[in-house]
Amino acid sequence: MSSIKHNLRVGKPDVKPDAPSHVPGVAQGNKRGGVEKDPGLRPTGEIGAGRPTMRSRARKSTGINPERRNPIDPNSPNLPPA
């Protein structure tokens with residue numbers, strides 16, 4: 001059920017103001033690790049302190065036939081949309 005207030009259409013809010021900001025069981029974005037399992041990244045080695053370095057692949061941006069959307073030359077960068 002929506003209404004119009006000051007020329008702006010608003011609906012019933014789907015979240016309560018006192019709801020928790022994090023739901024248990026949902027992975028947080030800043031958790032360490034996990035890049036090895038990301039299909040949109042390709043490992044390229046390591047830098048200081050053993051941190052992995054990665055290169056982006058088309059799979060990071062699209063799930064529609066990503067093999068055909070990689071650069072022709074493997075040395076070319078893959079520039080995914082931000």
*Asks:* Partners of T44 by side-chain hydrogen bond (donor to acceptor under 3.5 Å, both in side chains), sequence neighbours excluded?
*Replies:*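 With sequence neighbours excluded, T44 shows a side-chain hydrogen bond (donor to acceptor under 3.5 Å, both in side chains) to T53, given in chain and number order.
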*Asks:* Mind checking the CG-CZ spacing from L41 to R55? Nearest 0.5 Å is all I need.
*Replies:*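 Spacing of CG (L41) from CZ (R55) equals 11.5 Å.
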*Asks:* Between R42 (side chain) and S56 (backbone), is there a donor-acceptor pair under 3.5 Å?
*Replies:*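 Judged by distance alone, no pair lies under 3.5 Å.
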